[in-house]
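Here the structure comes first, spelled out in structure tokens, and everything after it is commentary.
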Amino acid sequence: MLLLECPYCGVKAEETELSPGYEAHLKRYGPGSTDEEFEAYMFARKNPKGVHFERWRHTYGCGKWFLAARCTATLEVFGTYPAQVGEPPAEIIEKIKARRPDWKGYK
Amino acid sequence: MSTRLAKGGRLIDRSAALDFTFNGKRMKGFAGDTLGAALLANDQMLVGRSFKYHRPRGIVAAGPEEPNALVNLGSGARLEPNQRVTITELFDGLEATSQNHWPSLEFDVGVVNNYAARFLPAGFYYKTFIHPRPFWKHVFEPVIRQSAGLGKAPKDRDADRYEQAYAFCDLLVVGGGIAGLQAALVAGRAGARVLLLEQAAHWGGRAPVDGDVIDGKPAGEWVDEAVAALEGMENVTLRARCMAAGVYDHGYVLADEKVADHTPGDGRPKHRLWRIRAGKILTATGAIERPLSFAGNDIPGVMLAASVRDYVVNWAVSPGDRTVVVTNNDDGYRTAIALREAGLAVPAIVDARSAPAGALVEKARALGLRIEAGRGIAKVKGGKRVTSVAICLQAGEGAVIDEIACDAVAMSGGWSPVVHLWSHCGGKLTWDRVQACFRPDPGRAPLNHDGGAMVYAAGASNGEMTAAAALADATEQAGAVLAALGMKPKRAKAPVAEAVAEGPMEAVWIMPQGASVELKSKMWLDYQNDVKVSDVQLAAREGYESVEHTKRYTTLGMATDQGKLSNINGLAVLAGALNADIPQVGTTTFRPPYVPVTLGALAGEARGEIFQPLRRTPMHDWHERNGAYFEPVGLWRRPYCFPRAGETHEQAVHREVVNTRERLGLLDASTLGKIIVKGPDAGRFLDMLYTGVMSTLPVGKCRYGLMCNEQGFLSDDGVVARIDEETWLCHTTSGGADRIHAWMEDWLQCEWWDWQVFTANVTEQYAQVAVVGPNARKVLEKLGGMDVSKEALPFMTWADGTLGGFPCRVYRISFSGELSYEIAVPASHGAAFWEALHAAGAEFGAMPYGTEALHIMRAEKGFIMIGDETDGTVIPQDLNLDWAISKKKADYLGKRGQARNFLASADRWKLVGFETLDGSVIPDGSYVVAPGVNANGQGNTQGRVTSTYYSPTLKKGIAMGLLLRGPSRMGEVVEFNTVTGGTVKARVVDPVFYDKDGEKQNV
Amino acid sequence: MSEPKSALGGAVSEGFVTIREIGPVGMITLRAKPDAAGLAKAVKAAAGTGLPEVRRIVTEGDRACGWMSPDEYLLVLPYAAVGGALEAVGKAMAGSHHLAVDVSDARAVFRVEGAKAEQVLAKLSPVDFGALATGELRRTRAAQVAAAFWKDGDGFTVVCFRSVARYVFDLLATGAKPGSELG
Ligand SMILES: [Zn+2]
């Protein structure tokens, strides 16, 4: 069972205190978007074996959404950070590159 | 025969005799006995029948690896099937019965399977019970179910209680043998928070039995001192009787503590399931001895050599008067020596190795024991008990050289490290050719959240089999763990165990090496599932090359012992049959639990009243006192109806509907979700959330709103009230409050985080009562305190004030079509307010009504219900709710989704009303049939019913449903299928059945 | 008008620790960013305390202010003082984006008292009590529902939603049954 540190309140929360929110850093496509854009936004998910960025909510704690970078194969956690960002923080990107030299980047 | 020795027994207290029964027979044991030891002390070697062939089976082991000796413990509300006698502590009054036999243990009819054994080979079930198909359900399965299965499931409610608890530590040490104790000492002295678990009731593991000497003292003394030292450390917690069942991600470990198994009924929890989160895990779980595969190795009296030693040394129990030891390693000699030192006869040590040498061999020789080198057992003779063994050359085909009379056989095929916990979370193994075992590969440990090693292994579980090596390894591994934790070991003299010069073992997978098929079909690999050497070889011949497939085909290792004894032997036989290397064949996957955990422990405290949280409104007690029949709504319990004496639920519901429509009904609506949304951007935010416009709602007014998900499908609905310039109150469905609040926060935190909006879920702050019916205003006026007239409080408005002295907020909204007020009061006044309404309303015919009356009244009005008219595939347009969807807004959640062509199509199933031609009620779940059949040959459909009731108001069946292009088909007659196979005709009508113009609610 | 009634009417259970329902207790949810103008003044006026650090609760007599999230505070005060406190908050934070609501009736509050109080909570919550700081307000779950607690005097104050008051009380009472001490 995963253990993720909430970047807001610092609690090392176990999975049962959290709610999953699936893939992070999605760009919303609303009215005016093409069918392809909307389909990609709504349904197409990376689901990689390896480095992945996810949304988690500290439901039983501070109630805040945060983002986590982890490896879906080894469950190594590279870091957690607040959700109010457009892309992963540089230090997390650096850490992942150091740990996974073959990583192709989050996009 | 097996018996209690006159002296000795390091774990028993001869001054504390205990009475127990086995199959009703009264027996005696001592405090400190396991049930297994006590049974052997009473000459009860035969304890069960095997699963498939019903062969007589005896105790084989002395620990959790025991495959045979499973019994029913207790009776009635304390009956527990499949309990291992070898890990069951004896207590006074214990009742045990054997299982898997009929009619009796001594005489079992199922044993005919044994004589039919050649007709029940590997894969027998797969091959035989396939055709003809209907036979499976009606013939094969019932018969197999009757004869298969271990133990019986208890029928009574468990009389015991169980609980769970969380624990946290820097280092979890699993195993309280010398390696685990030493590792805990090193980590404890360094200041780490250490939790040390031992599955048995006593500490020290094998070392005290094996006669090891540590720091010049007998191992037992060193163990006592180590335990005392650990108990003196505040940062160390010791838990005996606590079995680590499984290792999971990020240092999570489940452990089953047998708190009161041995003191039943003393009021303590029987088991406690620990949910442990450890920084690092160190397994010091020891090793398990392997059986040898020779013909008749399952006859009662054939036991593991070290277990025989355990019985002699720990419990002063002799498994037999004359024990032949058969071994491929030096450790077996320890058993011969222990038996001899206890004054028992060891007619021979049969050693498969041609030239055994080493200190223990020499000691045995010096004791005058007969050593048969290069020999094996051709066959064990006996039925319900060993009578003799036939000796042969290990290198030969089984020609008998000699026959030795004996009543027990102690076998040792070498040792396998207990690598289960290491492997649960992905730890890899490496093959040790010298010791012929898999051991943890330290370079491929299971990983933790930081990418570093999560599990370490020490001692025998790490392949370090001697006391000296195990202690040294424990010191080293504990140091490695501390370094990984960023801690330093304190300087302390590491304990040293005296080294015993042991000669090398020699792998023996089949005895004798060239055994005939006949012999091999009597060599058991898996005692519990009755899998033999010949079965695995047959599987290999039939093409099963993967060990995982062979396991499933033969059922090897799939019983409740999970192959603790059989796995390595089985895969070695498979490797031999495939002409492959053992590491090439690999192991099957190790999965938790290490030893089965009782369901009670997994459920913990969650049973009875606290099985699940039950949400109660402030009026719940009143409802209970007044005979409410409850229904679950999410976790809430809401009154479905309030039946009076002699009334059916249906009659009660109909009375409640009629009374509300004609006089006055009171509904506990407290469960309705209430979320405050406030801020400069709150209006803009709500316009995105709802399909309609909320920003323009004037202060003091209410508006009905719909919420959709991004796909466009309806997710919730409710009335929104504008509280002040910056504040709105959003009502949600009863089940939807938490979900919708989370939905709001998701968008505010993750998408529009620069918008100035705060939300608060105030659902439980208020008790809410719907006061409904023509007399609604009268009762409120009688309570008095605020103006509730049509002029002061028109339909779809709200006002704050007091009623009967209660502070309240009154909403003029209606879900029934009647004159209706929904009144919110602080929850701590809810019960009193509810009672005040009943008291004041008595003269106006007030009655409480429940959710079913609510549902009927809303259906009569054609109001939709989330979850009835919607199922996650319905958009508001399907329900003709276009009036609640803004055409002007550029965006709202769901707008883009609803624009997808298949949702915008004219060929949608849309909401209409239905009236049966005969006045009957359309069955719930019915579909509207259409001509023809689909590609699967099923009848086509063109719609379905979503709400269907008998209307007490209209005195006929009414329904709402979705129908292909429904609104354009008014007046058409369609057919619904029924449960009995026929159809019922119904006319398509307007879904508003009652007061179409809404005059009643607007008075 | 009736007297306000707590969810369980002050239920008590004696085990190896004592479980008492207390209340009604006044509680206000105050949502505001930590840098919102007037926040410190509002908290001082309503709870008599300064602003708590992350995950802390500061107590002043029968009042307290707890950190609930980066933009949420819990004000604890006598039930009868809520109206006045809301007014004071509104005044102090006029023109500053915030939300203050009375949640006194939405909650149930328990005291878990005795030397082994934390053992009872350790059966319900995945919380490392060895790492729980003094004055820490921990939001977590108690078995299957949300809960928050902090150490106070010779025990803990536990807060949950009112609708599950009975469930949480029964959980606590079950966990405190004599003979089930954890050590
Ligand atoms: Zn948090």
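Here is the naming used below: chain letters follow the sequence lines, and residue numbers restart at 1 for every chain.
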Is His620(B) close to Arg166(C) at the side-chain level, that is, under 4.5 Å between some pair of heavy atoms? no
Heavy-atom contact with chain C under 4.5 Å, split by part of Tyr252(B): neither
Hey, does the side chain of Lys5(C) reach the backbone of His829(B) with a donor-acceptor pair shorter than 3.5 angstrom? no
Would you confirm whether Gln765(B), through its side chain, and Ser104(C), through its main-chain N or O, come within 3.5 Å as a donor-acceptor pair? yes
Can you find a pair of side-chain heavy atoms, one from Phe758(B) and one from Asp71(C), that are under 4.5 Å apart? yes
Side chain / backbone / both / neither for Ile610(B) at chain C, heavy atoms under 4.5 Å: both
What option among Arg616(B), Arg268(B), Arg275(B) has the most heavy-atom pairs under 4.5 Å with chain C? Arg616(B)
Side chain, backbone, both or neither of Val825(B) within contact of chain C (heavy atoms, under 4.5 Å): neither
Can you say whether Val762(B) sits under 4.5 Å from chain C via the side chain, the backbone, both, or neither, judging by heavy atoms? side chain
Counting a contact as any heavy-atom pair under 4.5 Å apart, which residues of residues 130-163 of chain C contact chain B? Gly130(C), Arg141(C), Ala143(C), Gln144(C), Val145(C), Phe161(C), Arg162(C), Ser163(C)
Using non-hydrogen atoms only, which part of Glu605(B) is less than 4.5 Å away from chain C: side chain, backbone, both, or neither? side chain
Part of Thr759(B) within contact of chain C (heavy atom distance under 4.5 Å): both
Which atoms of Gln612(B) come close to chain C, meaning under 4.5 Å heavy atom to heavy atom: side chain ones, backbone ones, both, or neither? both
Identify the residues of residues 167-183 of chain C whose heavy atoms come closer than 4.5 Å to a heavy atom of chain B, ordered by number, or report 'none'. Tyr167(C), Asp170(C), Leu171(C), Thr174(C), Lys177(C), Pro178(C), Gly179(C), Ser180(C), Glu181(C), Leu182(C)
Counting only heavy atoms not in Glu609(B), do more than 12 fall under 6.0 Å of its CD? no
Would you mind checking which part of Ala167(B) comes under 4.5 Å of any heavy atom in chain C, side chain (CB onward), backbone (N, CA, C, O), both or neither? neither
Toward chain C, the part of Arg272(B) with a non-hydrogen atom under 4.5 Å: side chain
